[in-house]
Every structure is written in C-alpha cells, then in structure tokens.
Amino acid sequence: MPTITLPDGSHKSFPAPVSARDVASSIGPKLAAAALGCKVDGELSDISRVLDRDCKLEIVTYKQRDGQISKDALYLVRHSAAHIMAEAIQRIVPEAQLVYGPPLEDKFYYDIKFPDNRPLRDGDFSAIEAEMKKIIAEDRAFCRYEMSIAEGMAKLKREGSKYKIDNGERAIAASGNDAKLSFYATGTPGQNWEDLCRGPHVPSTARVGAIKLLTLASSYWHGDENSDRLTRVYGTAFSTQAELDEYMKQREEAAKRDHKVIGKNLRLYHIDEDVGQGLILWTPRGSVVRKELQNFIGEELKKQGYTEVFTPHIGRLELYKTSGHFPYYKDSQFPPIVERQALEELSKAGCTCSEMMHRVEGVSARLAAGINERTKAQTIAPDRVMADDKLVDGFMLKPMNCPHHAKIFGSSPHSYRDMPVRLAEFGTVYRWEQSGELNGLTRVRGFTQDDAHLFCTEDQIPGEIQGCLSLVKHIFSVLGMKDYRVRVGLRDPDSSKFTGSPESWDKAEAACIAAAQSLGVSFSKEPGEAAFYGPKIDFVVKDVIGREWQLGTVQVDYQMANRFDLSYIGPDNAAHRPVVIHRAPFGSMERFCGVLIEHFAGAFPLWLSPEQVRVLPISEKSSEYAHRVLSQLKAAGLRASIDDSNDRIQGKVKVAADEKIPYMAIVGPRDAESNAVSVRVRGTEKDLGSMPLDRFVEALKSEYASRNAVLGVKP
RNA sequence: GCCUCCGUAGCUCAGUGGUAGAGCAGUGCUUUUGUAAAGCACUGGUCGCAGGUUCAAGUCCUGUCGGAGGCUCCA
C-alpha cells in the first residue's frame, strides 16, 4: 500500500506495489512517455523501478520545468550510451573485454582490454559510431534483472572475464552480503547483449539520441600503473543531434580561449625544445603581465608585514636531506649535480652508477642522529646512514624554497616579540614532471612560486592563516575571479601517521576551516588529504576546457622546525619551536598567468596589458603629431606604441583590435589642430569622439594606478 | 613513463607515390587615407630528425624528438 510523495508535495496512494512508470502514467501519458528515469528518495533509478513502500518520487525527464537539460537525464543518457558503445565495440572486436564504463560530467568512457594484436585506433571510430547508430535505431529496451550473489558470481565465472568477476566482487564488498548483482540486457536477457551493471539506464536504446566518440587514451586497471593497461574510449551523448552539435561548437570556442593559443597569438611566452620541455621563456609582452601581477602581490605582502628575501636556485644535497625532500621525492626532482672532481675520483675507483646513486643518497651519522633526536622518531632509518668517507655530496636545483628560508630564520636569534617572521620570495623552483603531464603554462618543470614561510607561535596560527586567505580574496576580487573553490585537507581520522599533537591539529584544522568559510566560496573538507606534517588549504580553479588546476596552497607544518632545529626565545626565557606555515596562494606565476590569460581571453585590463595604448595616425600627414602623442603617453609611464605603417586606418584598427590593445588613440589633422585624440576603447564599435590629449593621459594614468578591472575612460 | 592523434614557410593550413602550394606576416613600390585588412611585386621550405622500401617518398615502413588529449603522479 505505498504512498508516493511527488515533488510538488502531493501524495498518491496505490493498493499494491507499482512501477515509477505507472505512477508517471497516472499523472499523465505525456509525462510517462517523456520519462527517462526516476529518483526515489533522491536515488537515481530506472523508470521501471518498482515502488513497494512509501517514498518520495521524482520523474526524470530530459528537459526540466525551467527548460534546462536535466543533469540526471544526461547521466542516464551517457551511462546508456556507454553500454551501446561497448556492444558496438564487441560486435567489431569480439575479443575485447569490458572493464568499467561510467558517465562523467559532460561525457562518458569505457575502459576496455583489447587483444594486443588488435589495438583500437581512432580510425575505428566511424565503424563503431555506425554500429552504435544501428543499435539506437533498433530501439531495444534496457532490461534489468537481478541474481543472488552465488548465482551472479557463478554466471560471471562461467563467462570468464576477470575484470567483470572483479567488478562483481567489488559490488558485493561495497553493498554487503545480502546484495544482489544486477545485469542489464539491451533487449531480451539471454538473447541480446548484456553487461553486469548497477544501472540505472534510460528505458530503451532509442532514447540515446545522438552520440559521438571523442578520444582514445590508455588507462590502468584500478588506476595502478603496475596493473593491466587498458584502452579508455571517450565519447559523449545527448538526446538530440542539435545539442550534440552545440556541445562540439562550445568545445571549439573554448579551444580558442586556451592560454596556449592566446599565448602564441599575442606572443606572451615561448617554449623552445632546445631549452627544454616545460621551461618557459617569457617574451617582453608576457613578462609585463607577469611583472605587473608580481608587483601587485608584492605590494599587498608588504602591507601585511612580509619581508622579502632572495635565495639561490640550488642548494647542497645535505640541505634537502635535512628537510627530507631528498631522496624521498627524488623521482620528481632534477637529478643531483655532483662536482666534476668527485665524479672523476669515483670513476677512477671503479664506482658503478648505481653505487654512486646509493652514496649520493646516504645520510651522515651526525645528521641522522640529530634529526632523529629532534623529531623523537626513527625519521632517518638506520639503513640510510653511511660513513662520511663514503658519502658523495652534490647540489640540487631547488624543488622548494622552504629549506633556504628555514636557514635564513635560523641564522639569527629570535624573540617571541619578533614573531611572526614572514619571509617572502618569488622563488623559482624546478621539478621533474613526467613528460606526458606537461601543459603550456599550467604544468611546467621550472616555475616561480609566490612563496613565503611564516614562522610563528602556535597561538598565532589562526591569525596568520586568516591573513593568507584575505590576501587571496582581495587579489581574486581585483582580478574579477569568482569561479574558484577551496579544499581543506584534514588528517585521516583512522591514522596515526602524522606529527604533532592531536590537540595542535584540532586547533590548526579549526583555524583552516574558519578561514576557508570566511572566503564566501564553496569549500570542501577532505579528511585524509592533509600532509603528514599539518593540515592545508588548497585553491582550485577550472580552465577553459573544464580541467581543474590547483593554484595556491596554505599548509601548516609542525615538522620543519624540528628538522632544522629552529627556535625562538619565549617569555619564559626558554627556547621554543616555532610552527611554520608554507603559503603560495597563487601557486606559481606561470600557472596563475595561464589561468589569467584564459580568464580574460587575452583581453587584459589596462594595468596588466603588455601594450596599453596604440597611437594610430590617419595618414603620414599626422605622423608628427602622432609621435608627440606617443611621447606624452610614454612620459606618463604608459606602455604605448605607434602604428605608422602606410596601412589605411581600417587596417590599423583591425590589427590593434586583434591584439586586444585596451585603447586606440586615433589621430588625424582634426585632432592635431585641437591637441586632441579620438579614443577607441577595446570591445566597442566606434570611438568616443575627440578628447583633449591631457585629459586622456590623466584618465589612463589613474585607471592604471587603481588597477581597474574594466576599461573606464569616459568621453 | 603509458595509449591515440598530430608535426609542410614566422603563423594558419592545402597537398593519398611522379616538378613543394595558398592566405596572413615580412621587404619594396603605388596610394595619403577618419575607425575590424587598399593594390602590385618580391622574399621566404633539407616537408621535425634519422634510417628503410621504391626507378621515384611530404605521401609507405621503422626508430627518434617535439606537440595535443587522456591515464598515472603532483612535497
């Protein structure tokens, strides 16, 4: 006798269990026909789901009442499209074994194991798409049936795919021993194609209207690189071809906004294979953007009481053994630099490469003993300790700035009265990223962090974290960036693998959460995502094609001061350990500029623009006056240039517009007579009319100084 | 590092085994112009690199370097 509560709050009672489809029919036949699935107490299900108890029911249709396409409907469509693709692929390559095929935010994929002698090529796409269209045209129902664990596992074992057996076992592990295994046949079970699947799906294949395969990638079974390598086939699906076409168009538009495209068109930076992958050469134009940004951040840091330091790009291996970065993170560092003389001696002594690496990685007994004592643990295991005469020293390109900053802090005594000590540096670091991961400005091998280390007392932690976050908030708001989110990494509650006392952690975590809340953007708590040495806050933004990039981070560190034996003298006249906060709220200048290029689509506000004004003489007759205008703009500290080519004015305007110059100062005989310029603002169709030159210069100067986000010169 | 795709003039791209092309950019000339490209001419290439197949390779094969999208990783 189930009573169904509908989204409008009304109730419907039925004498016996009914399917969601029956409920939809009882509301209206059109609704039943439009239904793709349903939500039962918030859980997405098939429309054929039988309701045998009281519940809340929502019928999922493609278009919602507000006219938007339902995300749930797209989930059903794409999940079903993944099945249709898998069936099509198995028609073409019968030996292909299915692994796992979920829907994603705007697409879907299926991981498939292809026989080695028959890899999938993207040349197979048209054949697969043709098969998929046939399956869609056949309009077969997605038919769910369930089996007990014993029956279901027996069936999977008979069929013999280790991947599906594994999926079955995982499903059982996830939902307990009274679980059932569900299968979906596209058509009649036993006769048509089927797959072990949790569901849900659309009612029939025809409800997946338009499909397109996108790309191929390799993936690993269970994401483990030592496990089987699978082929991941990406595709997307919509209800109609028009929507699919619109999606593909949007992707193309987004691609034009890509910072790699804009960076090349506007000549902002260059990557040269002779210099190396992932190493950015900033051109004069791009350097302006970076420098302006750096100046802005630097000014704010000064206001917040930071002091600037400079440190070199390399440091001795011993330094990184003390900090713990080497050799623990050696796979993501450039290899050590060993002195030539030492290398020659080792070579003469017949030392092998692997032996040398071993000796480079060793730790002296003195250093090991010190660190172990201060951290009150076996931080340096005995097997890493090596006799001094065996050790090979060298230098490393710095992967982080903190060891250098720790040494600066440690180089002079500190009183509690001086705390906190805030050492800031736009410090360039080098990391060995895997080649497949490099990406324009957003993933590089050498980058400059807006780094600082705050050496503070435990009581000062909340205030310092708050200070970091208000800086981020201010800078993002000046840049007009609203679309970012914050992750707060907390310690794993089930683990004791962290340093520092639980009480300290509780306080620091509470401070991080409170600070994150104050930002007014969405944030998530992520237990287990903290570093072992302290909780952290990460800022994440999306790029034009929806990939998320981590920008900055604020991390509390209870460990570093121990390792470097740092201290300050407290009011009790005794030495105390400071707590260190690592913070680089914008991550790296490279990545942040990349994100900014996409944010502004290359149309920077005046203060960030590589070129702020271009003077365009109508003809050579006005050339002399135009050069006087140029000199005055330059004298006012503005980045200005002149286009005195013999193009017509139409051409000069077109070129300046393409280069996204904020202002054009067009000058002809009329302007020269009255000491004026005709100002055209980027993004507008015509000029503002003639304006006295002095007023124009003053207006630009003030707009520049105020870092206005919008171009604001008025006629 | 792994998988697929891509690499032709400074840039964007055409060229499916038979004499390397176009547009833009650059240079020169003409035009002296009032708001999204005036006209003509010239210049520019070991077709990423190295092997191989072939009478003949930009084109087919192998390797390699670089790029894109994913996977994995990210102190």
Side-chain angles (χ1 to χ4, degrees), chain A residues 104 107 109 111 114 119-125 213-234 251 255 258 260-261 264-265 267 270-274 276-278 320 323-326 328-333 399-403 429 431-440 443 531-534 536 538 545 547 549-550 553 555 557 559-560 582 584 587 616-623 645-659 664-671 678-690:
Chain A
L104 305 173
K107 51 193 166 196
Y109 68 81
D111 278 346
F114 285 89
L120 197 68
R121 296 278 157 81
D122 75 350
D124 296 315
F125 278 10
L213 299 197
L214 299 173
T215 50
L216 283 172
S218 87
S219 63
Y220 303 107
W221 194 26
H222 299 163
D224 174 1
E225 65 178 313
N226 299 313
S227 189
D228 296 6
R229 257 193 278 285
L230 310 171
T231 303
R232 179 168 294 183
V233 192
Y234 282 92
R251 273 168 62 104
D258 189 314
K260 297 188 287 296
V261 173
K264 185 182 267 183
N265 289 342
R267 306 189 307 283
H270 173 66
I271 297 171
D272 193 290
E273 67 177 272
D274 288 341
Q277 294 176 285
Y320 301 100
S323 68
H325 293 118
F326 187 83
Y328 191 67
Y329 291 111
K330 66 176 173 181
D331 289 343
S332 48
Q333 295 163 351
M400 303 209 87
N401 299 305
C402 39
V429 298
R431 299 183 190 177
W432 184 260
E433 304 286 357
Q434 295 188 98
S435 61
E437 192 54 51
L438 298 170
N439 184 296
R443 194 69 184 266
F532 72 92
Y533 50 73
K536 63 174 180 175
D538 291 334
I545 60 173
R547 285 179 301 206
W549 296 98
Q550 181 179 323
T553 183
Q555 303 188 355
D557 187 341
Q559 177 72 306
M560 195 171 99
H582 308 251
L616 309 181
I618 298 285
S619 78
E620 225 171 277
K621 287 177 183 163
S622 308
S623 179
S645 65
N646 69 356
D647 277 345
R648 297 194 310 167
I649 190 67
Q650 287 86 341
K652 298 181 187 183
V653 167
K654 158 87 170 138
V655 169
D658 283 349
E659 293 181 17
M664 296 179 217
I666 296 159
V667 296
R670 292 205 297 270
D671 304 286
S678 296
V679 178
R680 181 162 163 158
V681 184
R682 183 182 60 212
T684 56
E685 294 282 312
K686 43 187 211 179
D687 68 36
L688 299 168
S690 204

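Quick caveat, the model's predicted, so the values are computed rather than measured. We use all heavy atoms of the structure for the numbers below, so side chains are in, but hydrogens, waters and symmetry mates are not. Below, read A as the first sequence line, B as the second, and so on, with proteins coming before strands; counting in each chain starts at 1.
The nucleotide B:C5 finds its pairing partner in B:G67, both defining distances of the Watson-Crick or G-U wobble pair being shorter than 3.5 Å. Pairing for B:U54 is absent, with no Watson-Crick or G-U wobble pair whose two atom distances lie under 3.5 Å. The partner of B:C13 is B:G21, judged by Watson-Crick or G-U wobble contacts that both fall below 3.5 Å. Using Watson-Crick or G-U wobble geometry with both donor-acceptor distances under 3.5 Å, B:G28 finds its partner in B:C40. Across all strands shown, B:C47 has no partner, as no Watson-Crick or G-U wobble contact with both distances under 3.5 Å is found.
Using a 4.0 Å heavy-atom criterion, one finds that A:V667 contacts no nucleic acid atom at all. Residue-level contact check: A:S332 touches the bases, meaning some heavy atom is under 4.0 Å from a base atom. At the heavy-atom level, A:S323 lies nowhere under 4.0 Å from the strands shown. Note on A:Y533: only backbone sugar-phosphate atoms sit closer than 4.0 angstrom, heavy atoms only; bases stay farther off. Counting non-hydrogen atoms under 4.0 angstrom, A:G587 reaches nothing in the nucleic acid. Using a 4.0 Å heavy-atom criterion, one finds that A:G668 contacts the bases of the nucleic acid, with or without backbone contacts as well.
Taking the side chain of A:R670 as heavy atoms from C-beta on, and the options B:A36, B:G34, B:C2, the nearest nucleotide is B:G34. Side-chain proximity of A:Y234 to the nucleotides B:G70, B:A37, B:A75 is greatest for B:G70. Taking every side-chain heavy atom of A:Q333 into account, B:A75 is the closest of B:A37, B:G67, B:A75. The listed nucleotides are B:C2, B:A37, B:G34; the one nearest the side chain of A:S218 is B:C2.
With sequence neighbours excluded, no residue forms a salt bridge (Lys or Arg N to Asp or Glu O under 4.0 Å) with A:D647.
Listed here is the closest heavy atom pair of A:L216 and A:V233: CD2-CG2, 3.9 Å. Between A:K652 and A:P617, the shortest heavy-atom distance links the atoms NZ-O, 2.8 Å. The shortest non-hydrogen separation linking A:M560 to A:C402 is SD-CB, 3.7 Å. The minimum heavy-atom distance linking A:Y234 with A:A217 is given by the pair CE1-CB, 4.3 Å.
With RNA chain B read from its 5' end, the first of the two nearest nucleotides for A:I666 and A:E225 is the one closest to A:I666. The residue among A:D258 and A:W432 whose nearest nucleotide of RNA chain B is located toward the 5' end is A:D258.
B:C61 and B:G17 have their C1' atoms separated by 14 Å, given to the nearest Å. One P atom belongs to B:A9, the other to B:G58, and the distance between them is 14 Å to the nearest Å.
Using a 4.5 Å cut-off on side-chain heavy atoms (C-beta onward), A:I649 and A:L616 make contact. Counting heavy atoms from C-beta outward, A:R431 and A:M400 have side chains that approach closer than 4.5 Å. Using a 4.5 Å heavy-atom threshold, the side chains of A:N439 and A:K260 count as touching. Two residues are said to be in side-chain contact when any heavy atoms from C-beta on lie closer than 4.5 Å; A:D124 and A:L213 fail this criterion.
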Problem - Per-nucleotide protein contact string for nucleotides 26-33 of chain B (B base, S sugar-phosphate only, - none; heavy atom under 4.0 Å) - result: ----BBBB
Practice task
Treat primed atoms plus P, OP1 and OP2 as sugar-phosphate and everything else as base, then score nucleotides 4-12 of chain B 5' to 3': B for base contact with protein heavy atoms under 4.0 Å, S for sugar-phosphate contact only, - for none.
Solution key: SS-----SS
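In this structure, A:L438 atom CG and B:G70 atom C1' are separated by 14 Å, rounded to whole Å. In this structure, A:D224 places its CG atom 14 Å from C1' of B:G1, rounding to the nearest Å.
For B:G69, the OP1/OP2 oxygens have a side-chain nitrogen or oxygen of A:K260 closer than 4.0 Å. Contact check, A:Q434 against B:C2: no side-chain N or O comes under 4.0 Å of OP1 or OP2. For A:Q277, a side-chain nitrogen or oxygen approaches OP1 or OP2 of B:G67 to under 4.0 Å. When the side-chain nitrogen and oxygen atoms of A:R547 are compared with OP1 and OP2 of B:G69, one or more of them lie within a distance under 4.0 Å.
Here the side chain of A:R680 pairs a donor or acceptor atom with the backbone of A:E685 at under 3.5 angstrom.
Contact annotation: side chain of A:T215 to base of B:G70, donor-acceptor pair absent below 3.5 Å. Within 3.5 Å, a donor on the side chain of A:R443 pairs with an acceptor on the base of B:C74, or the reverse.
In this structure, a donor-acceptor pair under 3.5 Å is absent between the side chains of A:H222 and A:D224.
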